[in-house]
Undergrad: 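Take a look at the following structure, please.
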Amino acid sequence: MEELKCLQLEFQWILQKEVLLVLKQLHDILVECAHRFPVPLHGNEGKKVDKFILTSAPEQLKVVVTLTGDSITSADINFKVQRQQNVIQRTSITQDFPWKIQQVQDAANHLQQAINHIDNVDANYHFKSSEEVLHILSNILGALQRGRTSLVVPKKKPIDELMKSRNMKSLSPNLPEDLAISFYIQSHKLIFAAYQLTNNQGTMKFESTQAECSVPWLNEVLVLFTVALTLCQQLKDKISVFSQYKDFTVGNETTTALSY
Amino acid sequence: MLATNLVVPVVLWGPNTPTHCVSSVFLSRDQRTLATGCYDGQICLWQIDSDFDMTPRCLLLGHSAPVLCLSRASIVQDNNFLVSSSENGEMCTWDLIDGKCRESVKLSQVHTCIQAYHMSNCDDIRLFCIGYYAEIMVMDPFSLEVLFCLSSKVNPDWISALHVLRPAKRKDDVVLAITTTGTVKVWTLIGNENKYSEPIYENESKQIRCLNAITMACCSQNQRTVLIVCAKYWQIYDAGDFTVLCSVISPSGERWLGGDFLSSDRVILWSDEGKGYLYRLPANSIPDNKEFHGPSVGRDAPFLYCVLTNKNEQPLSCPPSMKLVQTTRGGKTQKYLLRGDSEGFINMWAVPDFSLDEIKQLQTANATTKILQNTISTSLEQAWSKMNPPPVGILDQLNHPNEPIIKLTASIYLPLQSRLVVGREDGTIIIVPATQTVMLQLLHGKHQQFNDWPPHQLLSGHSGRVNCLLYPYLVHTRYDKAHLLSGGVDFAVCLWDLYSGTLLHRFCVHAGEVTQLLVPPENCSPRIQKCICSVASDHSVTLLSLQERKCVTLASRHLFPVVTIKWRPLDDFLIVGCSDGTVYVWQMETGHLDRVLHGMIAEEVLNACDENTGEGEVSGSSSEIGMSNPAVHFFRGLRHRNLNAIRHATQRGIHQLQQLNAHNNNDGNFLMKNRNSPLIIQSLRTNPKGK
């Protein structure tokens, strides 16, 4: 019985003190994360400009890009495709028609939602049950998970969708009809990929070449996402330990007929 | 063998109400059906009789994540179809009459809001969807195909709220939407849009000061005023130029969840506390008024004339889902505020119609706001308690009338022995003859008078709830016929002799409650073949040898809950997928952690395990959801004239058949065996909260 009393007290402490404390900590981490984003987010002004050079195997591919916020505002793109080694394909992106990397905006929006979930809890709120806390935590976890995934695992798109996409229209001059290019983010890297379509007796195939470069702010953002996720999961695990004692409620000193 | 293919499914609900934490509500046009979606992914259909007498009729299982949207599928009044959408991109179209799922898809885009709208030159409804993506997707409710998308040119961002309407005396439709960052956009549709056309961009856009809007509604009477609701405030805008006419912040400690127009001069708002607030708009926000669009006068603010509250409010674990619905009975229209909450309660308020004089009186007298309590209230629990006799449970004969009912928490059916094994909340496991037990609960006859019939066997070894049960012989004959395993809340896995009822061994290796028991594939090394795999809530996975009676491998140190277990038996690898997307590769024999993978590569390794099963391996994946039926994809391919899809589906179909045959040749085939037995008892379904 002594042990149960201790557990009950610990449960009350977690619910009334620890949860709010961890949520505050979590909030600070997420705001910190938001400030690393180069787009307007949570009071951050955004629009950071970075320049990168992406190259692969000598003379095969060279791309010079300017990344402003979540868009490539200018790029000088030169690459060779496997089938025509003697031709250099050239195209560019100009400020008037930027190439938008939707992954950055998606991640930022999911992060904003996670922050909103925390903001919705008043600073001196009294949690009444573990279910209530678990519900908020799974909302936050879900948003963070989706946010991080949008950066780490780029969505796969059919090649014809890519060729029709609005981003492809921002290239000038246009590429030949059997070529497509793509910019995307995978973890902390910006990746450029060029695809060549071939029609092999009715079945379409494509070959690709790619180059990548590391984007410093992405690395920081991902670390903060991971720290926040871990912190949130740890609190959830702590609460779950108590949620098996169904009779535990706040302000109920004596517990009877425990299920375990 | 069965003579016919007739299958009669029967559900024994048991005396305990399933939990139902409502995430979305829906009322059918004919007002006969209410649907509530919940956070576990289930949808409950309620039959509504006269006077809003509601009876739960069906529980639709199909989603594996919270149900965020429910929408009608047709303008036809008695067309009984419902479209649902969940937080992981699953969409289903349900037949409300028999509860069948008519169509399902899984999209990479997740919807958070769907408006069903009948466009001017279409036969039927189209679904206007918004969510975690930057477009507006327009879908067909029956084929669940994306018909076309609306894109943004100026400040493209996620759309947080939308309203589709047809301006008076016009034939085109207008989509009004606002992005999360507060850009209002207008698209005009003429009806010939399709997915092959050039991107459809907005006709107009304007930046306003309004972040993360929740709902947007245009007044249907005058189409001149727009209500936008955010968590902290709601505002009325002039639809002509989008200037703010008035604004009201949320009551202290509450956040707005949504709202709608009641008439051109009145609005209703609802908050996360589950209350409804009725306001009369000031003169500058009512288009018919000569002061419309004028500066807001200090004294003339929106006037709160009535609050809708709930009788005997109990603490909720999350904000309820609410909606304003309109019903027509006997030529009389009445608006109702509908609410479903985390405890499975459905509440309804008939929205009162105050006359202008009454409101003026309240306003001049400075009287306190009228408070109105809900008129209609029901819950799953009430429905359960109303039943007489109560819904039968499979082990009702063991309950003593004067003692509290012991909840059942896990079950498996052993077709070979015709036995049903049931784990209970108090840690006991009951074994009963299946057919006799079913007879007792479902058929009338002499047997119901027998005392203590059918005989049962009681295994007690766990202290606390039994979470899962496994009979490995059913999966493969390499296991001992007598071995039964159970995992409990007391961190232990127990090995039982099924026939003698004795506890052979107690594995105490986990540091959290055991949640799942699995069988490794048959081409593992001889030592691992004698093991079973158990998963616990401390994020650990173990391989427990039934022969050696000890733990062979303890795979712990996972930071996040384990969601998938897969196998690479030929490489001696156990692949553990966690909820954060990380994948841990463990050597089974040595217990050595080979690799930790993140991101793309983690996903590829998990997928590669599935492909591997093609080489005659038994798939050990535990998190497959039933959305990958090749036949379904085949027909979808046919309909969309997608050759690749048809080819792919056919290949997969043939592949599955071959696998089935391969199974059949091994005598340990559980699927075919199960098909052969005339009685199949599916394992118990509970939701996490119900345990």
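What you see is a predicted model, and the numbers here were worked out from it, not measured in a lab. Side chains are part of it too, since the values below use all heavy atoms of this structure and drop only hydrogens, waters and symmetry mates. Quick note on labels: first sequence line is chain A, next is B, and so on, each numbered from 1.
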Undergrad: I need the minimum non-hydrogen distance between R166(A) and S151(B), along with the two atoms involved.
TA: NH2-CB, 4.0 Å

Undergrad: Going by an N to O cut-off under 4.0 Å, is there a salt bridge joining K156(A) and E603(B)?
TA: no

Undergrad: Taking every heavy-atom pair that is under 4.5 Å apart, which of A65(B), P561(B), P66(B) has the most such pairs with chain A?
TA: P561(B)

Undergrad: Quick check on the interface: out of K169(A), K100(A), Q112(A), H110(A), who has the most heavy-atom pairs with chain B under 4.5 Å?
TA: H110(A)

Undergrad: Got V152(A) and M600(B) here, is their nearest side-chain heavy-atom distance under 4.5 Å?
TA: no

Undergrad: Is there a side-chain contact between Q113(A) and N212(B), using heavy atoms and a 4.5 Å cut-off?
TA: no

Undergrad: Specify the closest pair of heavy atoms between L559(B) and Q233(A), including all atoms of both residues, with the distance to one decimal.
TA: O-CG, 3.8 Å

Undergrad: So, taking the atom named OG in S129(A) and the one named CG in L316(B), what distance separates them when rounded to the nearest 0.5 Å?
TA: 9.5 Å

Undergrad: Any non-hydrogen side-chain atom of R255(B) less than 4.5 Å from a side-chain atom of D122(A)?
TA: yes

Undergrad: Between A231(B), G512(B), S579(B), which residue shows the highest count of heavy-atom pairs closer than 4.5 Å to chain A?
TA: S579(B)

Undergrad: Minimum heavy-atom separation for G581(B) to Q145(A), with atom names?
TA: N-NE2, 4.2 Å

Undergrad: Quick one, W158(B) and D106(A) - any side-chain contact, counting heavy atoms below 4.5 Å?
TA: yes

Undergrad: Let me know if T180(B) has heavy atoms under 4.5 Å from chain A in its side chain, its backbone, both or neither.
TA: side chain

Undergrad: I'd like to know if the side chain of R148(A) and the backbone of D580(B) have a donor-acceptor N/O pair within less than 3.5 Å.
TA: yes

Undergrad: Report which part of N120(A) has an atom under 4.5 Å of a heavy atom belonging to chain B: side chain, backbone, both, or neither.
TA: both

Undergrad: Is the number of heavy atoms from other residues, nucleotides or ligands under 6.0 Å of Y201(B) OH greater than 12?
TA: yes

Undergrad: Name the region of Q234(A), side chain, backbone, both or neither, that has any atom closer than 4.5 Å to a heavy atom of chain B.
TA: neither

Undergrad: Return the CG to OG1 distance between L41(A) and T181(B), rounded to the nearest 0.5 Å.
TA: 10.5 Å

Undergrad: Rounded to the nearest 0.5 Å, what's the gap from OG on S150(A) to OH on Y133(B)? Could you check?
TA: 15.5 Å

Undergrad: Measure L211(B) against the heavy atoms of chain A and call it side chain, backbone, both or neither at under 4.5 Å.
TA: neither

Undergrad: Is K236(A) close to chain B through its backbone or its side chain, or both, or neither, when contacts mean heavy atoms under 4.5 Å?
TA: neither

Undergrad: Where is the tightest heavy-atom contact between K195(B) and K164(A), given as atom of each residue plus distance?
TA: O-NZ, 4.1 Å

Undergrad: To the nearest 0.5 Å, what is the distance between NZ on K155(A) and OG on S108(B)?
TA: 5.0 Å

Undergrad: Select one option (side chain, backbone, both, neither) describing which atoms of P156(B) are under 4.5 Å from chain A's heavy atoms.
TA: both

Undergrad: Between chain A and each of P199(B), G427(B), G599(B), count heavy-atom pairs under 4.5 Å; write down the option with the most.
TA: G599(B)

Undergrad: Select one option (side chain, backbone, both, neither) describing which atoms of H462(B) are under 4.5 Å from chain A's heavy atoms.
TA: neither

Undergrad: Can you say whether S187(A) sits under 4.5 Å from chain B via the side chain, the backbone, both, or neither, judging by heavy atoms?
TA: neither

Undergrad: Side chain, backbone, both or neither: which part of N116(A) has an atom under 4.5 Å from a heavy atom of chain B?
TA: side chain

Undergrad: Supply the atom-to-atom distance D157(B) CG to Q102(A) CD, rounded to the nearest 0.5 angstrom.
TA: 7.5 Å

Undergrad: SG/C318(B) to NE2/H135(A) distance, rounded to the nearest 0.5 angstrom?
TA: 4.0 Å

Undergrad: Are any of the side-chain heavy atoms of K128(A) and Q314(B) separated by less than 4.5 Å?
TA: no

Undergrad: When heavy-atom pairs shorter than 4.5 Å are enumerated against chain B, which of G142(A), P40(A), P154(A) gives the highest number?
TA: P154(A)

